Amino acid sequence: MRKGKQPPRISRHDGRPNRTRFTATQTMTSDRNDKERPPQAVFGAIGHEADAAAIERLRERAAQALDSGRFDLADELLAGVDGQEIQLAKLVENLRIYQAELEIQNEELQLSQRHAQDAFARFSAFFNNLPLAGLVIDRQGLIKETNQRARTLFGLRNRPGHQHFFARLIADTDRGEVIHAWSSLAGDQPRELAELHFQTLEGDRFIGDLHLATLPGILDDAPTYICAVLDRTESARQRRALAEATERLRRSESFLNATGEIAKVGGWEMDVPTGRVRWTDVTYRIHDLPPSEDPPLALALGFFHPDDRQLLEHRIERAIARAEAYDLQLRMTTAAGREIWVQTTCQPICEDDRVTKLQGTIQDISHLKRSEEQLEFLAHHDPLTGLANRSLFRARLELCLQRAARNGTQVALLFLDLDRFKYVNDSLGHSVGDQLLERVAAALAAQVRSSDTIARLGGDEFVVIMDDVGKPRFAARFARRLLGVLDQPFATETRELYITASIGISIYPEDGADMDTLLRHADIAMYRAKENGRNGFNFYEPAMSAGAAERLRMEHELRGALARSEMMLHYQPQVALSDCSLRGVEALCRWQHPRLGLVAPDQFIPVAEDSGLIGELTAWVLEQACRQLILWDQVGFRIPRLAVNLPMREIERTDLVNRVRRTLERTGLAPDRLELEVTESMIMRRPDVAITTLDALRALGVILALDDFGTGHSSLTYLKRLPLNRLKMDKSFVERLGEDRDDEAIARAVIALGRSVGLGVIAEGIETRTQHDFLRRELCEEGQGYLYGRPLAAGAFMESWSMIEGSARLSAARSASAPEPEPEPEPKS
Ligand code: C2E
Ligand code: MG
Ligand code: MG
């Protein structure tokens with residue numbers, strides 16, 4: 001019944017099904033395990049097959065013995081079979097146990113193999129990712145293993161598969177040292193070699209540290225060596241950079257010292273915990289001290305002005321307590337007793353959040369302070385007279401008014417203008433004018449109390465502020481005193497001069513609550529003093545304001561008008577009465593006022609004359625008009641003659657002739673195309689001077705016309721002596737031609753007079769055909785007036801006249817039906 005029975009399957013102790021099988025790959029392991037197995041077990045396993053066959057043979061022989069009736073033999077044989085079976089069962093049992101042990105051992109073996117593999121993988125990863133270059137070399141020095149960093153650092157990855165000697169990676173200079181260290185490695189004692197020169201396979205050099213250690217061989221294996229290389233290039237570079245920076249610092253420090261010497265900037269340092277002070281040589285020099293021991297803090301501070309010293313001590317305390325820098329300008333007295341200004345700076349130095357040092361500079365800035373004071377003086381004083389200028393005057397007056405408002409006191413403002421000062425300037429020259437101003441200023445200033453202010457506002461205008469004047473009559477008394485001071489000759493370079501002044505007085509608060517009103521009213525009162533015959537004074541009265549204020553304002557605005565290009569010229573045609581052909585143009589000045597619009601010359605020319613602006617204005621008109629004529633020439637619009645009005649006093653100016661000549665030269669206008677218009681009253685003021693000037697102008701080739709003829713009182717004697725070319729009959733006689741017999745008689749007489757003294761005659765203000773016809777009949781040669789054209793700006797003038805010429809124009813434009821050409825806006829007068 002046991003025949004064919006399979007041995008039970010072997011289970012593990014825990015009863016789980018056994019999954020372990022020997023495989024081909026585990027042959028080695030099983031071989032190795034065989035060595036450890038007891039020899040009987042192996043024998044048992046082989047004998048098991050043989051015994052089964054022997055038992056089978058015994059059974060067959062017992063069966064044959066039974067069949068042949070040999071029972072005893074059959075029993076004997078069957079007993080052998082039983083014994084063998086028992087033995088076999090034991091053997092099988094033993095085998096089972098061995099097999100179970102074997103499988104357990106096999107499992108443990110596999111587990112530890114996995115651990116080993118795991119550990120190896122981790123070590124490989126660690127080795128590969130080390131920031132150090134790791135190389136394993138054998139006893140011959142051949143590189144066996146490398147990590148990632150080593151391959152990168154030495155360029156080994158570029159030549160995989162090549163065998164390299166580690167020594168090849170060390171620069172010649174250091175190779176010997178490394179080989180020596182390597183060969184003398186003892187036991188597990190590693191060696192460190194710092195700052196060696198390595199080289200890559202490409203030949204690039206770098207500096208690194210080397211760590212050498214022996215890796216003991218397993219069993220009989222020969223030992224290998226681990227070489228760890230730390231690339232020091234970066235830190236070496238940093239160290240080099242640090243050394244260079246230190247050297248640079250040292251050099252710039254000495255440079256700083258040198259520049260400090262040159263720039264005279266001293267240095268100082270204070271050690272906060274000890275209070276020790278150090279100075280540079282320049283600092284000693286600033287203090288007028290020889291360089292010596294460190295000065296005690298108290299001594300260092302003792303040089304400063306007592307007031308400034310307090311401030312300095314306060315700032316030093318703050319610098320220490322709050323790490324606050326400072327930059328101060330302070331007064332001090334040096335050891336030699338010099339009073340100087342210094343600029344001192346301070347920079348706190350912190351360590352561990354505490355101020356441990358103060359460092360700073362000190363510089364003698366006395367010269368700077370002096371020029372600052374000079375600048376300050378210049379900014380507030382008139383350079384010619386040294387008196388307060390307009391800005392200081394305003395500041396002082398402002399203060400006075402505030403004080404007076406608080407205290408309920410009065411302030412007097414005296415506005416003083418020299419009489420006819422312009423003539424001194426014009427006739428004797430500016431240098432004499434300046435000298436006179438200087439002397440007068442000094443004389444006036446000597447009369448002024450220290451609590452009062454005298455200022456020069458410009459030109460020949462002075463103003464005195466009398467603070468707390470008490471009673472207005474004190475101001476009157478003072479004005480009289482000032483006028484009295486002028487009652488003496490003033491010596492200039494060339495001669496002694498007498499001058500008078502006119503004074504206007506305004507009183508705060510009666511005549512004005514603010515500075516500008518007071519000033520304006522004092523000025524108006526001064527004008528009134530001038531009108532009253534000069535060399536006197538006037539208190540302001542409200543009745544004076546009406547005209548004077550506007551005039552004053554205009555004068556102020558006129559000053560900037562040229563600069564702001566507010567002046568312009570209009571041109572009015574002068575025609576031949578015979579055919580109305582264009583004979584000339586008269587340039588007439590206009591002021592394009594930002595507030596008032598187009599202002600007529602009657603309004604501003606007298607203001608310009610009074611304020612001394614007329615010279616500049618005339619020069620501009622002359623230049624502008626001459627240029628315009630040339631421009632018209634250039635575009636083929638030819639006008640034979642240009643008339644320009646000369647202002648009242650221009651003719652008395654010595655340089656007029658030269659100025660005219662220079663203008664002609666500059667603009668290229670022929671002199672005989674320029675006609676200058678003068679008036680009778682201009683000539684009659686100072687006939688001799690006028691005649692000299694006119695002669696010189698004639699000699700220049702310029703044409704001269706007597707403007708507004710008939711309105712003045714020129715005597716015929718003078719008329720004959722004047723080098724004139726033309727008379728301009730005033731429009732007042734033209735106005736009523738054809739209506740007023742008297743005017744007609746005058747017109748006839750003027751024309752006859754002109755003819756008799758050989759002068760051309762032009763009639764002004766022709767507005768009607770009747771006037772034109774009358775004058776033409778009387779053989780007046782030329783005419784000017786709205787009938788032919790209103791004054792127009794250059795562009796409009798050319799447009800209007802270049803299209804229609806001469807008589808064609810007259811018949812076209814002046815026939816009863818024809819409309820007037822569109823006039824430019826008429827100026828207000
Ligand atoms: P003026 O030299 O006698 O100039 C003629 C004035 O008569 C001009 O006045 C002109 O516009 C005006 N007028 C011309 N035709 C007629 C007319 O048909 N009817 C009327 N009612 N008036 C006519 P404007 O331009 O206002 O000039 C006035 C004065 O101002 C000029 O008189 C001249 O003495 C002076 N003036 C003009 N421009 C200048 C200049 O640039 N410099 C100087 N110093 N004075 C100038
Ligand atoms: Mg004129
Ligand atoms: Mg005129």
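Remember, it's 1-based here, ligands and their atoms both numbered in the order they're listed. These numbers were taken from a predicted model, which means no experiment stands behind them. Only heavy atoms go into these numbers, but all of them, side chains included; no hydrogens, no water, no symmetry mates.
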query = For ligand 1, which atoms, with element, lie under 4.0 Å from some heavy atom of V621?
reply = 41 (O)
ask   = Name of the E586 N, O or S atom nearest the Mg ion (ligand 2)?
value = OE2
query = Can you tell me if E677 has an N, O or S atom under 2.8 Å away from the Mg ion (ligand 2)?
reply = yes
request  = Tell me which one of N645, D730, T768, D708 gets a heavy atom nearest to atom 45 (N) of ligand 1.
outcome  = N645
task = Give the numbers and elements of all ligand 1 atoms closer than 4.0 Å to a heavy atom of P647.
result = 44 (N)
query = Within the structure, does Q784 bring an N/O atom to less than 3.5 angstrom of an N/O atom in ligand 1?
reply = no
query = Short list, please: which atoms of ligand 1 are under 4.0 Å from a heavy atom of L646?
reply = 44 (N)
key: R390 to F393 six-membered ring, cation-pi geometry met (6.0 Å, 45°)   = no
request  = May I ask you to test the L676-L622 pair for a side-chain heavy-atom distance under 4.5 Å?
outcome  = yes
request  = Please report the shortest heavy-atom distance between E557 and R564, naming the atom on each side.
outcome  = O-NH2, 3.0 Å
ask   = Under the criterion side chain to side chain contact (heavy atoms under 4.5 Å, CB included), which of D695, D688, I683 is the partner of R721?
value = D688
ask   = Do NZ/NE/NH1/NH2 and the carboxylate oxygens of K728 and E586 come within less than 4.0 Å?
value = yes
request  = Could you see which bit of L588 sits under 4.0 Å from ligand 1, with heavy atoms only: side chain, backbone, both or neither?
outcome  = both
query = Would you say D708 reaches the Mg ion (ligand 2) with an N/O/S atom under 2.8 Å?
reply = no
inquiry  = Pairs of nitrogen or oxygen atoms closer than 3.5 Å, one from C589 and one from ligand 1: do any exist?
reply    = yes
note = For E677, the ligand 1 atoms with a heavy-atom partner under 4.0 Å come out as 2 (O)
note = Within the 4.0 Å heavy-atom cut-off, what R790 brings close to ligand 1 is neither
ask   = Among Q572, M567, R590, K731, which one has a heavy atom closest to atom 25 (O) of ligand 1?
value = R590
key: Within-4.5 Å side-chain heavy-atom neighbours: W591 and M554   = yes
query = Has T679 got any heavy atom lying under 4.0 angstrom from an atom of ligand 1?
reply = no
request  = With ring-ring contact (aromatic ring centres under 6.0 Å, His included) as the test, would you mind laying out the steps for Y571 and W801 before giving the verdict?
outcome  = CA-CA 11 Å; Y571 297 90; W801 277 85; over 10 Å; no
key: OD2 (D707) to the Mg ion (ligand 2) to OD1 (N645) angle, given to the nearest 10 degrees   = 80°
message = Applying salt bridge (Lys or Arg N to Asp or Glu O under 4.0 Å) to R659 and E650, what does each step give before you reach the verdict?
response = CA-CA 11 Å; R659 275 168 44 215; E650 200 70 359; 2.5 Å; yes
task = Just go through E767, H570, Q771 and tell me whose heavy atom is the nearest to atom 20 (C) of ligand 1.
result = E767
task = Heavy-atom distances under 4.0 Å are what count here, so tell me which part of D707 touches ligand 1: side chain, backbone, both or neither.
result = side chain
query = Side chains of R439 and L497: does their closest heavy-atom pair fall under 4.5 Å?
reply = no
task = Determine, for R661 against E665, whether the closest basic-nitrogen to carboxylate-oxygen distance falls under 4.0 angstrom.
result = yes
remark   = So the atoms of ligand 1 within less than 4.0 Å of a heavy atom of P791 turn out to be 11 (O)
inquiry  = Quick check: do E652 and D426 have side-chain heavy atoms less than 4.5 Å from each other?
reply    = no
